[in-house]
Participant: 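I'd like to ask some things about the structure below.
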Amino acid sequence: MKADTLWLQNTLSGKKEAFEPINPPFVGLYVCGPTVYNEVHMGNLRTFISFDVLNRYLRYLGYKVRYVRNITDVGHLTDDSGEDRVEKRARLEKIEPMEIVQKYSRGFHRVSDVFGLLDPDVEPTATGHIVEQISMIQSIIDKGFAYEANGSVYFDVDRYAKEFEYGQLSGRVLEELDQQTRNLDGGEDKRFFADFALWKKASEDTIMKWPSPWGVGVPGWHLECSAMSTKYLGKTFDIHGGGMDLKFPHHECEIAQCQAAGEGSSARYWMHTNMLTINGTKMSKSLNNSILPMEFVSGEHKLLERGYPPMVVKFFMYQTHYSSPLDFSNEALQAAEKGFVRLQKGMESLENMPEGKGSKEDASVLLGVLNDALNHLSDDLNTPRCIASLFEVTNSIQRMQHHSTSLDSDTKSQCLAIFKGIVHDILGLEFSDSSAQNDSLDKVMGALLGIRNKARTEKNWAVADALRDGLSSVGVTFSDNKEGSSWEIK
RNA sequence: GGUCGGUUGGCCGAGUGGCUAGGCAAGGCUCUGCAAAAGCUUGUACGGCGGUUCGAAUCCGCCACCGACCUCCA
């Protein structure tokens with residue numbers, strides 16, 4: 001375990017706190033995953049990318065992480081009709097609800113792979129944990145914090161608020177919430193406006209439903225996370241994360257459920273990621289302003305001028321802190337793409353740097369700034385500052401290369417280890433591998449390069465330039481420098 | 001209406017009571033047959049008005065504008 005402390009912004013306290021696991025070196029991390037009633041959009045993915053960095057960094061620091069990210073496949077109701085989201089979608093597509101679940105779960109996993117996210121260690125589903133949810137509801141009823149009404153079970157917020165603090169996470173004051181509540185389906189069974197469903201009675205024509213002590217029905221949305229986080233991480237665990245739009249009511253209700261069931265206080269650190277916006281407005285499925293992750297890659301969306309590699313999209317996101325809103329724009333993406341290429345060239349220059357005596361000054365500058373880059377990650381995952389430091393290192397490396405400076409082999413390998421550790425292991429970025437071209441292409445290009453070099457030595461600029469321009473139009477760049485000419489595919 | 005957060009240079013975006021953030025773009029120069037790459041170099045900032053302070057983009061107050069949440073959402 002490395003000595004440096006990781007600081008995390010804890011929504012529960014509103015403060016940046018030193019991270020101390022309950023049972024080091026083990027860390028329990030729970031993140032609210034997607035509801036698989038349609039495709040995840042780029043805003044959803046931003047959250048998972050942010051927590052991917054947390055997961056990776058914790059592991060880099062030597063922690064043994066159990067990363068749990070659920071899939072909501074039942075219980076998430078629409079607000080207008082009170083119908084289950086998955087079931088509604090199934091009705092519209094005229095297929096089974098579980099087909100919907102499978103289809104969009106697979107899609108989510110494919111996107112996750114394309115963007116290079118580490119898989120969670122456990123990916124539990126709500127439908128797979130009906131028993132656990134029923135048992136938790138029973139505990140809450142037994143403790144007197146829930147009541148049955150007309151085949152449904154509701155959480156008794158009024159009663160709960162007398163013993164515990166309701167609204168701690170979101171800063172809500174119950175009395176002030178009273179006035180502006182929306183009128184939801186099933187509201188007539190509630191005793192108190194703020195009560196929420198733990199179990200919802202199912203109508204006759206519902207396909208997804210389960211028997212319970214209170215009749216046939218479905219679990220409430222907030223419940224699954226409480227039941228599953230408790231099952232896999234324990235009554236009190238280390239970190240619970242999600243998008244900040246889940247702060248209230250979802251996470252507030254989770255905390256209440258865990259407390260009421262006598263399961264402890266749920267997580268010690270709550271982390272919330274900010275939204276991806278388009279023209280300053282939140283990207284949201286309900287606002288129909290979503291861009292899908294694969295549309296970013298293909299460029300097939302009216303707001304996108306062209307496609308961007310997944311790694312560039314991630315890099316673009318890392319240049320904003322996870323807690324700040326991130327506004328999408330083509331210009332910013334293109335700037336990020338150029339920066340990303342520059343970073344790649346910096347790392348390549350470091351790899352190719354000749355080993356020799358080297359100077360102590362160079363060594364301490366490189367190692368110092370690379371350690372700064374790491375330390376910035378310990379400051380609540382400050383990826384923008386981390387990347388700024390990587391650019392500083394890149395500048396130093398290029399300057400050294402420009403002056404044909406060498407580096408002693410120990411320093412070089414240390415620098416490469418940290419540089420690659422940050423870029424590959426923590427940020428999960430992979431550079432396009434120019435050396436992985438196939439052999440025959442290599443030979444063809446080598447031959448063309450030979451022809452061009454012959455023309456150049458004969459000062460036959462017309463032929464040399466015609467070759468360069470012609471290949472440039474199919475995406476191959478020739479460049480000439482002191483050591484000779486080279487080519488690369490863009 | 002309530003709660004919380006934000007407003008930084010041409011664009012994106014960090015940040016701390018005093019010391020160049022960084023990237024992209026733009027201008028100049030070096031290298032180069034030309035170009036690219038690379039290096040060197042140069043501008044333009046902290047929404048408005050007050051206050052605290054030796055000193056405020058940073059702390060406080062008021063105002064303006066923007067956003068999120070207020071039982072659908074990552």
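Here is how names work: the chains are called A, B, and so on, in the same order as the sequence lines, proteins then strands, and each is numbered from 1.
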Participant: Partner lookup for B:C54, please. Criteria are Watson-Crick or G-U wobble with both distances under 3.5 angstrom; report none if nothing qualifies.
Facilitator: B:G18
Participant: May I ask you to evaluate whether A:Lys282 reaches the phosphate of B:G67, defined as a side-chain N or O under 4.0 Å from OP1 or OP2?
Facilitator: no
Participant: Side chain of A:Lys345: nearest nucleotide among B:A21, B:G13, B:A38?
Facilitator: B:A38
Participant: Consider the side chain of A:His402, meaning its heavy atoms from C-beta on, and name the nucleotide among B:G33, B:A38, B:A74 that approaches it most closely.
Facilitator: B:A38
Participant: Side chain of A:Met275, heavy atoms from C-beta onward: which of B:A74, B:C12, B:G22 has the nearest atom to it?
Facilitator: B:A74
Participant: For A:Gln398 and A:Ser349, which heavy atoms make the closest approach, and how far apart are they?
Facilitator: OE1-OG, 2.9 Å
Participant: Has A:Phe391 got its ring stacked on the base of B:G23, with centres under 5.5 Å and planes less than 30° apart?
Facilitator: no
Participant: Please figure out whether A:Ser479 or A:Asp327 has its closest RNA chain B nucleotide nearer the 5' end.
Facilitator: A:Asp327
Participant: B:A68, B:A14, B:G33: which one has an atom nearest the side-chain heavy atoms of A:Ala464?
Facilitator: B:G33
Participant: B:A45 and B:U52: how far apart are their C1' atoms, nearest whole angstrom?
Facilitator: 24 Å
Participant: Taking A:Arg46 for its side chain and A:Met275 for its backbone only, find out whether a donor-acceptor pair lies under 3.5 Å.
Facilitator: yes
Participant: Select one nucleotide: of B:G23, B:A74, B:G15, the one nearest the side-chain heavy atoms of A:His76.
Facilitator: B:A74
Participant: Taking the P atom of each, how far is B:G5 from B:G9, in whole Å?
Facilitator: 22 Å
Participant: Which nucleotide, B:A35, B:A74, B:G13, lies nearest any side-chain atom of A:Asp480?
Facilitator: B:A35
Participant: What integer number of Å spans the C1' atoms of B:C11 and B:G51?
Facilitator: 34 Å
Participant: Taking the P atom of each, how far is B:C59 from B:G18, in whole Å?
Facilitator: 11 Å
Participant: Which of these nucleotides, B:A74, B:G39, B:C70, is closest to any side-chain atom of A:Phe248?
Facilitator: B:C70
Participant: Would you mind telling me which of B:G33, B:C24, B:A74 lies closest to the side-chain atoms of A:Ala335?
Facilitator: B:C24
Participant: Taking the C1' atom of each, how far is B:C24 from B:U58, in whole Å?
Facilitator: 26 Å
Participant: Under 6.0 Å between ring centres, would you say that holds for A:Phe328 and A:Phe296?
Facilitator: yes
Participant: What contact category does A:Phe478 fall into here, base, sugar-phosphate, or nothing, at under 4.0 angstrom with non-hydrogen atoms?
Facilitator: base
Participant: Rounding to the closest angstrom, what is the interatomic distance between B:G48 and B:C66 at atom C1'?
Facilitator: 15 Å
Participant: Considering just the side-chain nitrogens and oxygens of A:Ser324, establish if one lies under 4.0 Å of OP1 or OP2 belonging to B:A14.
Facilitator: yes
Participant: Below 4.0 angstrom from OP1 or OP2 of B:A38, is there any side-chain N or O of A:Arg342?
Facilitator: yes
Participant: Using the C1' atoms only, state how far B:G43 lies from B:G10, rounded to an integer number of Å.
Facilitator: 11 Å
Participant: List the steps, then state whether side chain to side chain contact (heavy atoms under 4.5 Å, CB included) holds for A:Lys103 with A:Glu93.
Facilitator: CA-CA 12 Å; A:Lys103 178 178 172 184; A:Glu93 293 194 21; 3.2 Å; yes
Participant: Is it the case that the side chain of A:Tyr37 and the backbone of A:Ile100 share a donor-acceptor pair, with hydrogens and angles ignored and the cut-off at 3.5 Å?
Facilitator: no
Participant: Tell me whether the side-chain N/O atoms of A:Asn382 come closer than 4.0 Å to OP1 or OP2 in B:G15.
Facilitator: yes
Participant: Can you check whether any acceptor in the base of B:C40 is under 3.5 Å from a donor in the side chain of A:Arg399, or vice versa?
Facilitator: no
Participant: Please determine, for the side chain of A:Asn395, which listed nucleotide (B:G13, B:G23, B:C70) has the closest atom?
Facilitator: B:G23
Participant: Name the orientation class of the two ring planes belonging to A:Tyr30 and A:His240 (parallel below 30°, tilted from 30 to 60°, perpendicular beyond 60°).
Facilitator: tilted
Participant: Map A:Arg46 and A:Arg456 onto RNA chain B by nearest heavy atom, then report which one ends up closer to the 5' terminus.
Facilitator: A:Arg456
Participant: Backbone N or O of A:Val74 within a donor-acceptor pair of the A:Asp84 side chain at under 3.5 Å?
Facilitator: no
Participant: Given B:G67, is OP1 or OP2 found less than 4.0 Å from the side-chain N or O atoms of A:Asn279?
Facilitator: no
Participant: Using atom P of each nucleotide, how far apart are B:A21 and B:G15 to the nearest Å?
Facilitator: 14 Å
Participant: Partner lookup for B:C34, please. Criteria are Watson-Crick or G-U wobble with both distances under 3.5 angstrom; report none if nothing qualifies.
Facilitator: none
Participant: When you measure only distances, ignoring hydrogens and angles, does the side chain of A:Asp465 come within 3.5 Å of the base of B:G33 through a donor and an acceptor?
Facilitator: yes
Participant: Classify the glycosidic conformation of B:G15 as syn or anti, calling it syn when the angle lies within 90° of 0.
Facilitator: anti
